[in-house]
Amino acid sequence: MGRRGEGTTGAVDEATEVFVAHRNLLFTVAYEMLGSAADAEDVLQESWLRWAAVDLGTVRERRSYLVRIVTRLALDRRRALGRRKESYVGQWLPEPLLTAPDVAEDVELADSVSMAMLLVLETLAPVERAVFVLREVFDLPYDEIADAVGKTPAAVRQTAYRARAHVAARRPRRGAASPAEARAVLGAFRRAVETGDIQALFDILAPDVVALSDGGGIRHALLRPVAGAGDVVRLLVTARRRHGARWSLEATQVNGGPGLLFRIGGEFDGLLAVRVEGGRVTGMYYVRNPEKLPRAGEETAVSRGLPGP
């Protein structure tokens, strides 16, 4: 691949324009491979440095080239993250993102960035995860994926088959709720939590609901998942009694689905992503680790869109 020598202002401007046009897509690829917005941003910064050194005249399909750079760098980062997770204190959850309401309208995109799906993707090997994301979420052809992960198209097809079967066996069995249903359930859940209405909580929580939280060893959090409506209701009622009127909840969109922003005494405490299926809450993912919440004050753009080459 050719490199620019001194280059020109026009070439740099063109490289910048192309990169910016694909940035949301590239961030989403990296985030879905890593589950960390901070690491995804690091990957994008390094990708930009590599892209800026490329002679654009030698690049036939710019989108594919950019995706290949991001994928390879994300694979390297994924392996480092695996070692970091081995020493992580408590339960690990993906870094949550505040997302725009229109993300929820794209069912496939919302599902792919949901906490539930990202946790399933964590159980895949790095290359399997890359292949699954690029094929199932972004619908890239096998030959492009093969270039990105350094394997043959035939090997990528086999990897994709294994990854699909793995994810299908572990992903939520019921389909996620429509945006309107999710908003209604979130509203009922929020009122029940705020008032401590035990019966209302039992009515809105699925019998097999699971609650997880992540404090990263910095903030207090659950040491293990809490499963079952009875135990989750006790958890929520106890928390409300502890904080009382100091506890405030604000509805928002987290990772393409319903969520709540929690404040205690006016101070931001954490983000809760809520999984809604069949008219009830089936999953609760609460992130309190401040190192995972730098984006809690603004929306992050994610995209499945594929601009032209």
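Model, not experiment: these values are computed from the prediction.
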Between [Y] and [X], do the side chains contain a donor N or O and an acceptor N or O under 3.5 Å apart?
| X | Y | answer |
| --- | --- | --- |
| Ser112 | Glu32 | yes |
| Arg170 | His166 | yes |
| Thr159 | Glu128 | no |

Taking atom [atom1] of [X] and atom [atom2] of [Y], what is their separation to the nearest 0.5 Å?
| X | Y | atom1 | atom2 | answer |
| --- | --- | --- | --- | --- |
| Asp143 | Arg157 | CG | CZ | 9.0 Å |
| Leu124 | Arg162 | CG | CZ | 10.5 Å |
| Leu212 | Leu272 | CG | CG | 10.5 Å |
| Phe19 | Trp48 | CZ | CH2 | 7.5 Å |
| Leu118 | Glu95 | CG | CD | 11.0 Å |
| Thr252 | Leu271 | OG1 | CG | 7.0 Å |

Looking at every non-hydrogen atom in both residues, tell me the closest pair between [X] and [Y] and how far apart they are.
| X | Y | result |
| --- | --- | --- |
| Gly270 | Leu293 | CA-CD1, 4.2 Å |
| Ala74 | Leu34 | O-CD2, 3.4 Å |
| Pro179 | Ala104 | CG-O, 3.5 Å |
| Pro94 | Tyr31 | CB-OH, 4.4 Å |
| Val43 | Ala30 | CG1-CB, 4.3 Å |
| Ala177 | Ala182 | CB-N, 4.1 Å |

Any Lys/Arg nitrogen of [X] or [Y] sitting under 4.0 Å from an Asp/Glu carboxylate oxygen of the other?
| X | Y | value |
| --- | --- | --- |
| Arg63 | Glu144 | yes |
| Asp269 | Arg246 | no |
| Asp42 | Arg77 | yes |
| Asp203 | Arg280 | no |
| Arg219 | Glu291 | no |
| Arg23 | Glu41 | yes |
| Arg50 | Glu46 | yes |
| Arg183 | Glu181 | no |
| Asp214 | Lys292 | yes |

Indicate yes or no: at least one non-hydrogen side-chain atom of [X] is less than 4.5 angstrom from one of [Y].
| X | Y | value |
| --- | --- | --- |
| Val113 | Leu97 | no |
| Phe268 | Leu261 | yes |
| Ser64 | Asp147 | no |
| Met117 | Val167 | yes |
| Ser213 | Arg288 | no |
| Val29 | Thr71 | yes |
| Met284 | Leu236 | yes |
| Met33 | Leu75 | yes |

- For the pair Thr99 and Gln253, evaluate side chain to side chain donor-acceptor pair (under 3.5 Å) and give the outcome as yes or no after the intermediate values. CA-CA 6 Å; Thr99 51; Gln253 289 279 319; 4.7 Å; no
- Task: Enumerate the residue pairs fulfilling ring-ring contact (aromatic ring centres under 6.0 Å, His included) with a member in residues 222-251, sequence neighbours excluded, ordered by first and then second residue.
- Result: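 Qualifying pairs: His243-Trp247, Trp247-Phe262.
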- CA sep, side-chain torsions, deciding dist, call: Val302, Asn24, side-chain contact (heavy atoms from CB on, under 4.5 Å): CA-CA 5 Å; Val302 293; Asn24 291 345; over 6 Å; no
In the single-linkage hydrophobic clustering (I, L, V, M, F, W, Y; side-chain heavy atoms under 4.5 Å), do [X] and [Y] co-cluster?
| X | Y | value |
| --- | --- | --- |
| Val20 | Leu56 | no |
| Leu26 | Leu81 | yes |
| Phe189 | Val210 | no |
| Tyr286 | Leu205 | yes |
| Val54 | Val67 | yes |

- Message: Would Arg135 pass as a cation-pi partner of Tyr142, given that its NZ or CZ must be under 6.0 Å from the six-membered ring centre and within 45 degrees of the axis?
- Response: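 That pair qualifies as a cation-pi contact.
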- Message: Is it the case that the side chain of Thr123 and the backbone of Val120 share a donor-acceptor pair, with hydrogens and angles ignored and the cut-off at 3.5 Å?
- Response: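 Confirmed, Thr123 side chain pairs with Val120 backbone.
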- Message: Under a 3.5 Å distance rule, please check whether Glu250 uses its side chain to pair with a backbone N or O of Leu260 as donor and acceptor.
- Response: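 Between the backbone of Leu260 and the side chain of Glu250 there is no qualifying donor-acceptor contact (under 3.5 Å).
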- Apply the test salt bridge (charged side-chain N to carboxylate O under 4.0 Å, His left out) to residues Arg84 and Asp39: give CA-CA distance (whole Å), side-chain angles for both, the deciding distance (0.1 Å), then the verdict. CA-CA 12 Å; Arg84 192 192 310 171; Asp39 287 288; 3.5 Å; yes
- Message: Taking salt bridge (Lys or Arg N to Asp or Glu O under 4.0 Å) as the definition, give me every residue that meets it alongside Glu122, ordered by chain and number, with sequence neighbours left out.
- Response: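 With sequence neighbours excluded, Glu122 shows a salt bridge (Lys or Arg N to Asp or Glu O under 4.0 Å) to Arg78, Lys85, Arg129, given in chain and number order.
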- Message: Could you go through Asp197 and Phe202, starting from their C-alpha distance and side-chain angles, then the distance that decides it, and tell me whether this counts as side-chain contact (heavy atoms from CB on, under 4.5 Å)?
- Response: CA-CA 9 Å; Asp197 188 328; Phe202 273 109; over 6 Å; no
- Item | side-chain hydrogen bond (donor to acceptor under 3.5 Å, both in side chains) involving Asp102 - partner list, sequence neighbours excluded |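 Testing Asp102 for side-chain hydrogen bond (donor to acceptor under 3.5 Å, both in side chains), a comparison that skips the adjacent residues, returns none.
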- Message: Please evaluate residues Arg304 and Val137 with respect to the criterion side-chain contact (heavy atoms from CB on, under 4.5 Å), reporting the C-alpha separation (whole Å), side-chain torsions for both, the decisive distance (0.1 Å), and the verdict.
- Response: CA-CA 7 Å; Arg304 199 166 54 92; Val137 180; 3.9 Å; yes
- Query: Out of Leu222, Leu223, Val287, which residue meets the side chain to side chain contact (heavy atoms under 4.5 Å, CB included) rule with Gln91?
  - Reply: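 Option passing the side chain to side chain contact (heavy atoms under 4.5 Å, CB included) with Gln91: Leu222.
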- Message: Please determine whether the number of non-hydrogen atoms from other residues, nucleotides or ligands lying under 6.0 Å from atom OH of Tyr88 exceeds 12.
- Response: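 Count over threshold, so yes.
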- With side chain to side chain donor-acceptor pair (under 3.5 Å) as the test, would you mind laying out the steps for Thr300 and Arg295 before giving the verdict? CA-CA 8 Å; Thr300 297; Arg295 293 170 172 262; 3.0 Å; yes
- Item | Worked check of side-chain contact (heavy atoms from CB on, under 4.5 Å) between Val70 and Leu66 | CA-CA 6 Å; Val70 167; Leu66 283 166; 5.6 Å; no
